[in-house]
Protein chains: 2
Amino acid sequence: MRHATITDIAKKLGISASTVSRALSDHPDIKEETKKRVKKLAKEFNYKPNPIAQSLKNNRTTIIGVIVPEIQHDFFASAISGIEEVAYHAGYTIIVCQSNENFEREVVNTNVLIQQRVAGIVASISQTTKNSDHFKSAIARGIPLVFFDRACEDVAASKVIIDDSNSAFNAVNYLIKKGYKKIAHLAGPKALEICKRRLAGYNNALNKAHISIDKDLICYGGLHETDGYNSMDSLIKKKIIPDAVFAVNDPVAIGAFQRIKEAGLKIPGDIGIVGFSNNKITTLVDPTLTTIDQPSFEMGKKAAEILIELIENEKKSAKPKTVTLETKLIIRGST
Amino acid sequence: MRHATITDIAKKLGISASTVSRALSDHPDIKEETKKRVKKLAKEFNYKPNPIAQSLKNNRTTIIGVIVPEIQHDFFASAISGIEEVAYHAGYTIIVCQSNENFEREVVNTNVLIQQRVAGIVASISQTTKNSDHFKSAIARGIPLVFFDRACEDVAASKVIIDDSNSAFNAVNYLIKKGYKKIAHLAGPKALEICKRRLAGYNNALNKAHISIDKDLICYGGLHETDGYNSMDSLIKKKIIPDAVFAVNDPVAIGAFQRIKEAGLKIPGDIGIVGFSNNKITTLVDPTLTTIDQPSFEMGKKAAEILIELIENEKKSAKPKTVTLETKLIIRGST
DNA sequence: TCATTTCCTGCAAACGTTTGCGAATACGTT
DNA sequence: AACGTATTCGCAAACGTTTGCAGGAAATGA
């Protein structure tokens, strides 16, 4: 079956394609009666404008490009879902790319999206992103860009983030108030700003409580379960047993969680644990995991909303804005 | 910055656009020297063909449409990741849509994808899908379609599935061999074929062991944690305490898991549990969950591979094929 | 010398849409 | 009768690419 075109309608009605085009878009030049006839036939033919032809004229599609490190990661899957939700209702579709935490692939993904003439890009950068030329080139081509969670600091783009430092501060502060004294931090990759900020929050809380910072209690690693497991493992092997652990995110917390249980230590009796993100998993482990609620779905939604606003409001002059969404410490069984 | 076009190259070289086009595609009509000059300048200009213009000619993009019930669901996120992986290496991008288990939205999504002239569609249907006209219309438009996991039985399309019935049979059979006698089944929505088949496998295993089927031990519900929780709750309230539970999937198993723990019953001492899918969560709960490994990532990959084969091999005559991937019973602490 | 072949390239149309400009018609005004 | 002014519509170009066909030039053969 073929798609009906504007020309099909024009021929059938004995008028020109341009008249049909104008009639369909309610151009004032066109007589009411003609509009009626055109619209009626368009409905009959189930006519839908060919978005490709439109894109060729505008040099722009109605597709939003999304770049994330990993689709499978709970946080990103949820954010993508939020982006899709907003895009769907605004008449956009989303192309989803994953960088697999790989800089080169992120660059390729961005270039492909530019080539595809996406209307805009929502991105969260990889751990290994060395520079932001690819993002700058998107902006130079007039493609609006919005970061969420993990942003490039040197790109003039809007971002939807949380206050990592303050959230971390609150979590650690809570641990201190709760009586924990020897608090370890399972930190993420040093390259990621969000991890640096969470670490800073940890330091700030200790400082405020006049607890000296012990380098041995800070373990750098990745962002997955295994990383948390390994970090905890090395602590245990070094006989450094903290009385609480603040993890850079939930998977890392869960990994540590498992290693702690394996060691026969009780949670929260021997060691308390706090994660970060409020992934679904945190309510399913035993004991349930104290964590910081990071509104992933809402972050995706908000990022998409800002992007669409940028796409549709031609006043590109709009200065990049930074939206900081609220986090909340969720106290559960692990502390 | 503007994108370089074929005409830019042609003008600069004082030749025609058609010659440039042919030179770039190594057409034998074009003299070697001309090709060299064209390619050199193309590289200088960083020329990349405009996919939109190409699509307008071919009436087809290099985008693969993906429709899933929910992006956030671990199984689907993982499958999408597999699809993206294959698509990326084959030079395709993926548009991801979620139906939210809603039939009407699935129809809209499909129509949007058809409108966008995607090169093909990979889909897993919603729980509420009443008919398959939308999928048939995609096929009628020459858009190849591949289902994974949840397929429409009455559509002549390839599918990538698992042997649900047999997998369920193995799980329940294992429970029986292990000595469990009063085995409940937390079934999924009756509308979903995969759920019917898992139920059938459950029945078959009981029959084979000459255990009579007790309707009271079969609870129908949804596919989320809360559904499992509620099903288990109603069993407990009705004082029907099975000695094992076979759940239609992992989230449901986890929901039941929680309710069982709340009731003060021991897993696996009082009640054994088996899930289905081998979601990541199953290794993180305590005790770890016995489940059936369903290769979600591979299912996505395979579906994408079949689809791309269909797209690129013009012999549309190829009969739809059904690929059944292997599952494996993973025995863990919950049984 | 002329016809034929080979090699290389350009013209123009096509994909479906949008839009500036001009034109035709009808009507009212001097 | 001559002119001005709405009103309504069509022509053609443009977006960037691909491709059938034709045509020019050079080379070959008769």
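Chain A is the first sequence line, chain B the second, and so forth, proteins listed ahead of strands; every chain is numbered from 1.
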S.K.: Salt bridge between B/K136 and B/D154, side-chain N to carboxylate O under 4.0 Å?
M.R.: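 B/D154 and B/K136: salt-bridged.
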S.K.: I'd like to know if B/K40 pairs up with B/E44 as an ion pair, taking the criterion as any Lys NZ or Arg NE/NH1/NH2 lying under 4.0 Å from an Asp or Glu carboxylate oxygen.
M.R.: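 Salt bridge between B/K40 and B/E44, a charged N being under 4.0 Å from a carboxylate O: yes.
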S.K.: Which heavy atom in A/I121 sits nearest to a heavy atom in A/V118, and how many Å separate them?
M.R.: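 In terms of heavy atoms, the two residues are closest at CG1-CG2, 3.8 Å.
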S.K.: Which ones in residues 24-51 of chain B lie close to DNA chain D, meaning a heavy atom under 4.0 Å from one of its atoms?
M.R.: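 Listed by number, they are B/Y47, B/P49, B/N50.
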S.K.: Could you please spell out the steps behind the ring-ring contact (aromatic ring centres under 6.0 Å, His included) verdict for A/H3 and A/F45?
M.R.: CA-CA 9 Å; A/H3 293 264; A/F45 280 8; over 10 Å; no
S.K.: Does atom NZ (A/K35) have a neighbourhood of more than 12 heavy atoms from anything else shown, all under 6.0 Å?
M.R.: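 Counting other residues, nucleotides and ligands, NZ of A/K35 exceeds 12 neighbours.
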S.K.: Could you give the start and end, 5' to 3', of the contact zone on DNA chain C for chain B, using atoms under 4.0 Å from its heavy atoms?
M.R.: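 Range of nucleotides within reach of chain B: C/dC8 to C/dG16.
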S.K.: Check each residue of residues 8-21 of chain A for a non-hydrogen atom within less than 4.0 Å of any atom in DNA chain C, then write out the ones that pass by number, or none.
M.R.: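 Residues of residues 8-21 of chain A that come under 4.0 Å of DNA chain C are, in numerical order, A/S18, A/S21.
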S.K.: Both A/Q54 and B/L56 contact DNA chain C. Taking the nearest nucleotide for each, which residue is further toward the 5' end?
M.R.: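 The residue closer to the strand's 5' end, by nearest nucleotide, is B/L56.
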S.K.: Thinking salt bridges, do B/E153 and B/K159 make one under a 4.0 Å N-O criterion?
M.R.: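 Salt bridge: yes.
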S.K.: How far apart are the closest heavy atoms of B/I64 and B/A87, and which atoms are they?
M.R.: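 So the two residues come closest at CD1-CB, 4.4 Å.
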S.K.: Looking at B/R105 and A/E84, is there a salt bridge between them, counting it only when a charged N and a carboxylate O are closer than 4.0 Å?
M.R.: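 B/R105 and A/E84: salt-bridged.
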S.K.: Can we say A/D26 and A/K39 salt-bridge, meaning some charged N sits less than 4.0 Å from an Asp/Glu carboxylate O?
M.R.: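 The answer is yes: the pair qualifies as a salt bridge.
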S.K.: May I ask you to say whether A/R150 pairs ionically with A/E101, meaning some side-chain N is under 4.0 Å from a carboxylate O?
M.R.: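 Here A/R150 pairs with A/E101 in a salt bridge, since their nearest N and O are under 4.0 Å apart.
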